[in-house]
A.B. asks: 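A single structure is presented below for examination.
Throughout, numbering of the chain's residues begins at 1 and tracks the sequence. No experiment lies behind these values; they were computed from the predicted model shown.
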Amino acid sequence: MSVLSLESLCLADNDSPSSAEDLDLEDKWDTDLEVDEVKKTSKDTSTAEIYLQACKLVGVVPVSYFLRNLGTSTMNLNHHGLGPPGGKALAIALVTDMHITNLELADNYLLAEGAGYLLEMLKANFTIQHLDLSNNHLQSEGAECIAKMLLDNISIKSIKLSGNGFIEDDAKSFADALANNYRVKELDLSHNQFCGRGGEHLGQMLANNEALEVLDLSWNHLRMKGAVAFCAGLKVNVTLKHLDLSWNGFGNEGALALGEALKFNNTLVYLDLNNNRITNEGVGMLCKGLEANDTLRSLMLAYNSLTVEGALALVTVVKNTPKTALEEINISNVLVNENFVQLLDLTCQEHPSLEVQYGGVGGFIAKKPPKRLDPMKVIQDYLDERKLRLWDFFRKIDKDGTMRVPVADFRKAVQQSNIPLDRYQIEELIQRLDRERTGMVDYRGLADTRKQMMRDHRWQLRKVESRQKKEKQKSERILKTFQSAVEANTPRSSMVMSPGGTKEDSSGPQHFSATPLSSWHHIVMSNSSRYSVTNLSSEHIHLPMLGGSTHQRPTSSPTMRSYSQPNLMDDSPRYPQSKPSSAQGMLSDSNPNVDHTKLSPTSNHLTRSSPALNSKQPDTKTKTTKVKKKKKRVDKNST
């Protein structure tokens, strides 16, 4: 694509057609225009003339719809097959247009070249506010052009870029361009190819941008790490109101991260999660965020793998959360049961504005049938409780002691006993003890299988524990990735410690959540309880100088103590070359007789030495020895 400039979009004097050529325009171009329709006003006529000259210059057929609708605020040229030359002719005509505010050019195969002409036109045209370039095969080259335009343009408020084949790195271009753009309110990037790294860049865009209110990312590939990173940016965003994430495959991992984001986000009003592979488990994680959110009004969850359990969880959250703002829940593919309908009626009494769209009544909660106990284990437990042997139990029917009895006798003996076995368990036991269908039951298998049953039981326990451990590790890994993404997306200058965070033991590090500075009061906190906010009034803490700033020397006071930051990672004593000026000044003022050379090597740290106590220690030891000698003399005299 050649280098573009405004001069390239202007018509030269010699490019204008002669009067004879003007008379033949209708014959050369097959248009359905009427002369009266084209000549409306002098300004519109000039725009039409410029467009006709531009079409002749680039060699394309003029679009009659454009000429007929000059002077209107909306110009809909979708599906006209303009191509790059047609885009150039249109751009030349729009340089001086002052009427069109909404320009729709979807599905015109403009490519990056045609989009470049139009974007160059926007440097001179400040009237167009809404631009639709969807389905024009712009790809990465077009994304770069649009990103450059967004850095300078001050008029575009809404831009649609759906279906242009944008890839991962293109998301970074948009993130950089929108970081400092405060004009664009609506952005459509649906039907593109954003995946993992694309989700990271889009998350950074949300964290840095303070203008976007509507964002459409439907029909992309945001899942796993990409979904988690995107939700991290959503957590700290303060302007977005309408978010469409449908058809992305977020999964339960994305639902977990989204639930964490909703705990802190207080601006989002509409959230579309249709067809995102979210199950009942994911809805449970999402509900944890809904419990703390008081701004979300519409939640779309249709075409996910939900059942009545997930539907009940959503309605229960609304019922148990008085401050919730939810007014619309869409689970239109879920069949519910009567319990759900009753719960919804009770919830609507407390929240009259709530509307839930469900598939109909007829669903049921899938319950697993109760697991039938192993009949061999039941018999073994029965015998262990009564301290019996197999021989003691079967000796009435096994008179020969061969541990083999007929099937009929075995069945009758078990039925007449108090062993808690039903008819199906007894038949299962007979089949296992008489595999070859000989009609004789060898009940020695009951004793032989006891150890095997114990091994199977332990194996089942280990299997359950392993599955629970893996699920826990997976959730912790997702949350760790989410927190790392939050810290990466949030500027350090706008990070403070969340006062609502959970406190751990004072001996360990305190974790904090990253939140924007505007949402919290600036407070000072310390890892040690000894340096709390209340104690800071009487203690001055020396911190490293930042940005070359100088500390003012505090006034000396006997009640004021001075400390510097300790180095807790180094166990070896350090001998400082010089003492801090504040420490020398206060020590000299408070106690001029103290010899500073007697201070401990760690005087610049939190610990302080006491030379007076150290000098008296030998005296105390000698006194104690004299007392002991006197006691010994008294004992000798008494003897």
A.B. asks: Could you list the donor-acceptor pairs under 3.5 angstrom formed between side-chain atoms of residues 279-291 and any protein atom two or more places apart in sequence or on another chain?
C.D. replies:
unit_1, atom_1, unit_2, atom_2, d
Thr279, OG1, Asn252, OD1, 3.2
Thr279, OG1, Asn252, ND2, 2.9
Thr279, OG1, Glu281, N, 3.4
Asn280, OD1, Thr307, N, 3.2
Asn280, OD1, Gly310, N, 3.2
Asn280, ND2, Thr307, OG1, 2.6

A.B. asks: Knowing that exactly one of Lys185, Met205, His242, Glu186 qualifies, which makes a side chain to side chain contact (heavy atoms under 4.5 Å, CB included) with Leu212?
C.D. replies: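 Only match with Leu212 under side chain to side chain contact (heavy atoms under 4.5 Å, CB included): Met205.
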A.B. asks: Report the residues that fulfil ring-ring contact (aromatic ring centres under 6.0 Å, His included) with Trp247, sequence neighbours left out, ordered by chain and then residue number.
C.D. replies: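 Partners of Trp247 by the ring-ring contact (aromatic ring centres under 6.0 Å, His included) criterion, ordered by chain and then number, come out as Trp219.
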A.B. asks: Do Asn237 and Leu268 have side chains that approach each other closer than 4.5 Å (heavy atoms only, starting at C-beta)?
C.D. replies: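 Of all side-chain heavy-atom pairs linking Leu268 with Asn237, none is under 4.5 Å.
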A.B. asks: Could you state the interatomic distance from CG (Asn265) to CG (Leu240), rounded to the nearest 0.5 Å?
C.D. replies: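 Interatomic distance, Asn265 CG to Leu240 CG, rounded to 0.5 Å: 7.5 Å.
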A.B. asks: If you measure from CZ on Phe194 to NE2 on His221, what distance do you get to the nearest 0.5 Å?
C.D. replies: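 Reported value, rounded in 0.5 Å steps: 10.5 Å.
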A.B. asks: To the nearest 0.5 Å, how far apart are CG in Asn275 and CG in Leu301?
C.D. replies: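 The CG atom of Leu301 is 11.0 Å from CG of Asn275, to the nearest 0.5 Å.
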A.B. asks: Is there a side chain to side chain contact (heavy atoms under 4.5 Å, CB included) between Lys319 and Thr316 once you walk through the steps?
C.D. replies: CA-CA 5 Å; Lys319 185 177 185 299; Thr316 302; 5.6 Å; no
A.B. asks: So, do Val269 and Thr267 sit near enough that their side-chain heavy atoms are less than 4.5 Å apart?
C.D. replies: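 Val269 does not reach Thr267 side chain to side chain.
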A.B. asks: Please collect all salt bridge (charged side-chain N to carboxylate O under 4.0 Å, His left out) contacts where either partner lies in residues 246-266, sequence neighbours excluded, each pair once.
C.D. replies: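 Listed by first then second residue: Glu253-Lys474, Glu260-Lys263.
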A.B. asks: Below 4.5 Å, heavy atoms only, C-beta onward: do Asn276 and Tyr303 meet side chain to side chain?
C.D. replies: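 Answer no - side chains too far apart.
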A.B. asks: Are Val315 and Phe340 packed together at the side-chain level, in the sense that at least one heavy-atom pair is separated by less than 4.5 angstrom?
C.D. replies: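 With C-beta onward as the side chain, the pair touches.
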A.B. asks: Distance-only, no hydrogens or angles: does the Asn304 side chain make a donor-acceptor pair with backbone N or O of Leu306 under 3.5 Å?
C.D. replies: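 Checked: no pair found.
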A.B. asks: Considering only heavy atoms from C-beta outward, does the side chain of Asp107 approach that of Asn136 to under 4.5 Å?
C.D. replies: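 Answer no - side chains too far apart.
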A.B. asks: Can you give each donor-acceptor pair under 3.5 Å made by side-chain atoms of residues 347-362, sequence neighbours left out, with the distance rounded to 0.1 Å?
C.D. replies:
unit_1, atom_1, unit_2, atom_2, d
Thr347, OG1, Leu343, O, 2.8
His351, NE2, Val318, O, 3.0
Gln357, NE2, Glu328, OE2, 3.4

A.B. asks: Has Asn209 got a side-chain atom pairing as donor or acceptor with Leu178's backbone, closer than 3.5 angstrom?
C.D. replies: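 Answer holds: yes.
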A.B. asks: Got a sec, which residues hit side chain to side chain contact (heavy atoms under 4.5 Å, CB included) with Ala255, two or more places apart in sequence or on another chain?
C.D. replies: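 Ala255 satisfies side chain to side chain contact (heavy atoms under 4.5 Å, CB included) with Ile278 once adjacent residues are dropped.
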A.B. asks: Students often mix this up, so state it plainly: with edges at 30° and 60°, are the rings of Phe250 and Phe230 parallel, tilted or perpendicular?
C.D. replies: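 Because their plane-to-plane angle is over 60°, the rings of Phe250 and Phe230 count as perpendicular.
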A.B. asks: Go through Asp244 and Leu217 one step at a time and tell me if the side chain to side chain contact (heavy atoms under 4.5 Å, CB included) criterion holds.
C.D. replies: CA-CA 6 Å; Asp244 189 348; Leu217 291 172; over 6 Å; no
A.B. asks: Enumerate the side chain to side chain donor-acceptor pair (under 3.5 Å) contacts for residues 159-171, please, sequence neighbours excluded, ordered by first and then second residue.
C.D. replies: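 Applying side chain to side chain donor-acceptor pair (under 3.5 Å) to every pair that reaches into residues 159-171, excluding sequence neighbours, yields Ser140-Asp170, Ser162-Ser190, Asp169-Arg197.
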A.B. asks: Taking the side chain as C-beta and beyond, is there a heavy-atom pair between Val414 and Leu421 under 4.5 Å?
C.D. replies: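 Yes - at least one pair of side-chain heavy atoms lies under 4.5 Å apart.
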A.B. asks: Is there a donor-acceptor pair under 3.5 Å between the side chain of Gln425 and the backbone N or O of Asp422?
C.D. replies: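 Here the side-chain-to-backbone pair exists.
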A.B. asks: Nearest 0.5 angstrom please: Ser134 OG to Leu189 CG, how far?
C.D. replies: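 One finds 9.5 Å between OG of Ser134 and CG of Leu189.
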A.B. asks: Does Ser218 offer a backbone N or O that forms a donor-acceptor pair with the side chain of Asp216 under 3.5 Å?
C.D. replies: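 Present.
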A.B. asks: If only atom types and distance count, is the side chain of Asp132 paired as donor or acceptor with the main-chain N or O of Ala106 below 3.5 Å?
C.D. replies: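 Side chain of Asp132 to backbone of Ala106, a donor-acceptor pair under 3.5 Å: no, none is there.
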A.B. asks: Quick check: do Ser466 and Arg462 have side-chain heavy atoms less than 4.5 Å from each other?
C.D. replies: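 Ser466 vs Arg462: side chains apart.
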A.B. asks: Quick one: are Leu273 and Met300 in side-chain contact, heavy atoms under 4.5 Å?
C.D. replies: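 Sidechains of Met300 and Leu273: no contact.
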A.B. asks: Please confirm whether the backbone N or O of Leu222 pairs with a side-chain atom of Asn248, one donor and one acceptor, at under 3.5 Å?
C.D. replies: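 Yes; judged by distance alone, with no hydrogens or angles, the pair exists.
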A.B. asks: For a side chain to side chain contact (heavy atoms under 4.5 Å, CB included) check, start with the C-alpha distance between Arg411 and Ile430, then their side-chain angles and the critical distance, and finish with the verdict.
C.D. replies: CA-CA 8 Å; Arg411 183 185 293 108; Ile430 292 174; 3.7 Å; yes
